[in-house]
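Okay, so here's the structure we're looking at.
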Amino acid sequence: MKKIAIASGKGGTGKTFLSTNLAAWIAQKEAVTLLDLDAEAPNCHLFIKGERKSEAIQYKMIPHWDAQRCTLCGDCLSLCHFNALVKVQQEIMVFPQLCHSCYACSELCLEAALPMKKIPIGRITHIQNRNLAFFESRLNIGEEQAVPLISKTKKYAQNQSRSEITIYDCPPGTACPAVEAVKDAHLVILAAEPTPFGFHDFKLMMHLLNELQKPFAVVINKYGSGDSHLEDFCLERKIPIIAKIPHSRKIAENYARGKLALDTNQELTSEFDQIFHFIRQLKRDEE
Amino acid sequence: MKEIVVISGKGGTGKSSITAALAYVSDTETVLADCDVDASDLHLLLKPKQRNSKAFFSSEIAVIHQDKCTQCGLCEQVCRFDAINFEKGQYQIDSIACEGCGYCAHICPESAITMEIQQDGMLYISDTRLGKMLFHAELRPGAENSGKLVASVKNSAKHYAQQTQIEYILVDGSPGIGCPVISSLSGANLALFVTEPSQSGFHDLQRVIALATRFHLKMAAIINKSDLYPALSEAIGRFLQEKNIPLLASLPYTEDFSKAMVQEKTVAELNIEYFQTFENIWKQILTIMGDRK
Amino acid sequence: MKIAFTTKGTDWDAEIDPRFGRTEYLLLYDDETKTLQSIDNREINQKQHGAGPQTAQKITELDVQLLITGNGPGGNAAMVLEKAGVRILTGYANLSAKDAYQRFLSEK
């Protein structure tokens, strides 16, 4: 199986656009799996419809205060590096969003007064549209830690679906959630805009991928707007540019309305076909 | 001294471009703070010249002192993040996987593990071509924006504004709804939302307004790319009205934003129409804050 | 009654800090004994995450009944204060602690 992560240094550069259209294009030829890993703001569902196959609530473990056992010694408060525990008068309060589930307070409490219990943090939904298996990772509002949910979504999808190609729509940025999303990918495709902002954010992401030693390629989105710095840079560094999505008002209008570009903009099919062939080529090289 | 924070929830709505344009029209009345540290783009339009910089230390990471380690393996057992691995004959910390929880350091019988604060990036103070100061930061790859980092950037800006008697701090706020954006809003006088008529843009706007409503501050909004999906723009307009949030402007979808960017200019410098549009927005902001009739 | 102000300084002339969790100081006034005390909060100011609940915990430990501040606490910190029965008054930013107290008295 080949895992392809679609990522970008910032939001709004066309990650979801690429992921959904690429998955839909591949699905016309063979089975494919699409994972929406932007758990804080999942948007692929606006474009991919189908039959709802399953839904699974996902949990994380947090300490649960046992008033009977607790002696209010305060050890847990100083142990927690995330300030997720607070003592209010004669009570210990736990803040689930701040807790990283490290278990230290729970396992080191001499009175066993902080047993770990599971709380829901979000859910994974499986939607099937013929050849396309789509899994959405959705974090509950107010919950801050996407990382555990991202890894669970990958495992869940792996158990439910078999396809040669799996596409990850990654969270934006270069922080922990993005690292978690790309870490097992065989190839990262960076969606980038040819503007000064886009180029700057592209370079931030490139540094991260170099540090992680991940191979990557580039798709230039809104090609024709902005300038040529991004393209020149990639040519000079021999970073493969595998497709160029033209800048077009029509594409933007259809995207805002939740329509797949494949259905509305025929001229794009050749670009998605190029990406598809690049991915297949990659597979042959490694075999 | 007052603080105006520009936020959007979703990326790509034009928040930084609009912040830069407001910086331009507000002339000597503002200093700038870029708290969108994950994608700190503001400086690209302002040709900053660094006046001062300082390393920023924030997150903690476990460090194993091999001379004290007896290889008992307890640390590996307790780590819930698979951040400790036995490799090449010794236990090693995977610095990207380590969450900095400190469990291993606490439990090590030989005290061979210590938690060390690491450099997460740099803070910069720069002169800009607009004659105003810019306070910004740069994260090392893999490092995370935090409430503390946002507070540090804003504090330096505030300190400077106070000393030089500049009235306003214009803040390019952090994305999302987590700790950094709470830190962005905390202490602000006005939150300016920049949104766009897409399903995801509207959705994120609602989440960020729900958060901002918790704080005692004034609010206003701008819809960018409004003609991309007029029906949705209208729905956003009604939503804002219900929430009593004034809509300062609806800007059209245009290539001028990227055109300005390529010329390393703010949109307000492109032509007189844009200048007037943003000047008008700025005046409305001052009126909302009760500073100009 | 003990009143806490979030402030940028250590006396009555100090300006109210609009921030809650990362306020530099807490100024405590006991209106029965008429004593004023200042508490350095800059250590919490340096926390990477969770500054709000930490400051709230400190306030509850000091037995405060009323908090006078600027923008107000975030959700987590508000929960702590609520649990401890601390009354929260927001919107006092840019005033000195003295003026904020006077305004509180006049609006009582």
Side-chain angles (χ1 to χ4, degrees), chain A residues 8-14 16 40-43 46 61 79-82 97-98 100-104 107-108 141-142 144 147 172-176 178-179 183 193-201 204-212 222 225-227 229 247 249 252-253 255-258, chain B residues 8-14 16-17 36 38-41 43-45 60 78-81 96-97 99-103 106-107 115 138-145 175-179 196-201 203-204 207 210-211 225 227-229 231-232 253 255 257-259 261-262 264:
Chain A
S8 71
K10 65 171 276 215
T13 62
T16 302
E40 283 180 69
N43 284 323
L46 299 170
M61 303 300 286
L79 265 173
C80 181
H81 279 231
F82 307 109
Q97 303 103 307
L98 294 175
H100 287 225
S101 309
C102 78
Y103 285 67
E107 293 177 355
L108 297 175
I141 289 189
E144 283 179 30
V147 171
T174 55
C176 308
V179 172
K183 82 176 181 196
E193 288 177 15
T195 59
F197 284 9
F199 186 36
H200 176 249
D201 298 326
L204 293 178
M205 197 64 196
M206 185 184 78
H207 290 314
L208 175 68
L209 294 175
N210 284 339
E211 189 157 305
L212 297 171
K222 300 192 186 160
S225 69
D227 57 30
H229 290 321
H247 176 65
R249 186 187 173 96
E253 279 178 357
Y255 185 79
R257 286 166 173 75
Chain B
S8 62
K10 180 189 181 292
T13 61
S16 298
S17 290
D36 187 358
D38 300 301
S40 59
D41 293 332
H43 67 275
L44 298 170
L45 303 182
E60 284 188 319
V78 301
C79 179
R80 288 296 192 298
F81 309 105
I96 290 177
E99 294 257 322
C101 75
Y103 196 172
H106 187 86
I107 205 163
M115 297 306 292
E138 195 179 88
L139 287 171
R140 67 175 163 76
E144 214 166 355
N145 193 0
I177 53 167
C179 199
E196 62 173 30
S198 65
Q199 300 294 348
S200 49
H203 177 247
D204 290 357
R207 301 216 311 179
L211 178 70
K225 313 179 195 174
D227 54 342
L228 260 192
Y229 192 177
L232 189 54
Y253 178 77
E255 225 174 303
F257 277 60
S258 45
K259 214 184 271 169
M261 231 185 254
V262 169
E264 296 181 316

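Below, chains carry the letters A, B, ... as their sequence lines are ordered, and counting in each starts from 1. Only this structure's heavy atoms are used, side chains among them; waters, hydrogens and symmetry mates stay out.
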Does the side-chain contact (heavy atoms from CB on, under 4.5 Å) test come out yes or no for A:Cys102 and B:Phe81, once each step is laid out?
-> CA-CA 8 Å; A:Cys102 78; B:Phe81 309 105; 3.8 Å; yes
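Between A:Lys183 and B:Ile96 there is no side-chain heavy-atom pair separated by less than 4.5 Å. Considering only heavy atoms from C-beta on, A:His81 comes within 4.5 Å of B:Met115 through its side chain.
Top candidate by heavy-atom pairs under 4.5 Å with chain A, chosen from B:Leu45, B:Ile107, B:Leu139, is B:Leu45. When the candidates B:Gly102, B:Gly12, B:Cys101 are compared by the number of heavy-atom contacts under 4.5 Å with chain A, B:Cys101 comes out ahead. Between chain A and the options B:Ser40, B:Gly201, B:Gly9, B:Cys79, heavy-atom pairs under 4.5 Å are most frequent for B:Ser40. Between chain A and the residues B:Ser200, B:Ser16, B:Ala231, the largest count of heavy-atom pairs under 4.5 Å involves B:Ser200.
Only the side chain of A:Glu211 comes within contact range of chain B, judged by heavy atoms closer than 4.5 Å. Residue A:Leu98: no heavy atom, backbone or side chain, is found under 4.5 Å from chain B. Interface remark: A:Glu193 contributes no atoms to any contact with chain B (heavy atom separation under 4.5 Å). Only the side chain of A:His247 comes within contact range of chain B, with heavy atoms under 4.5 Å apart. Neither the backbone nor the side chain of A:Thr13 comes within contact range of chain B; no heavy atom of the residue lies under 4.5 Å from a heavy atom of that chain. No part of A:Pro172 comes within reach of chain B, as not one of its non-hydrogen atoms sits under 4.5 angstrom from that chain. Residue A:Ser8: no heavy atom, backbone or side chain, is found under 4.5 Å from chain B. Of the two parts of A:Phe82, only the side chain, counted from C-beta on, holds a non-hydrogen atom closer than 4.5 Å to a non-hydrogen atom of chain B.
No salt bridge links B:Arg207 with A:Glu40; every basic N to acidic carboxylate O contact stays at or beyond 4.0 Å.
The CZ atom of B:Phe257 sits 12.5 Å away from the OG1 atom of A:Thr195 when rounded to the nearest 0.5 Å.
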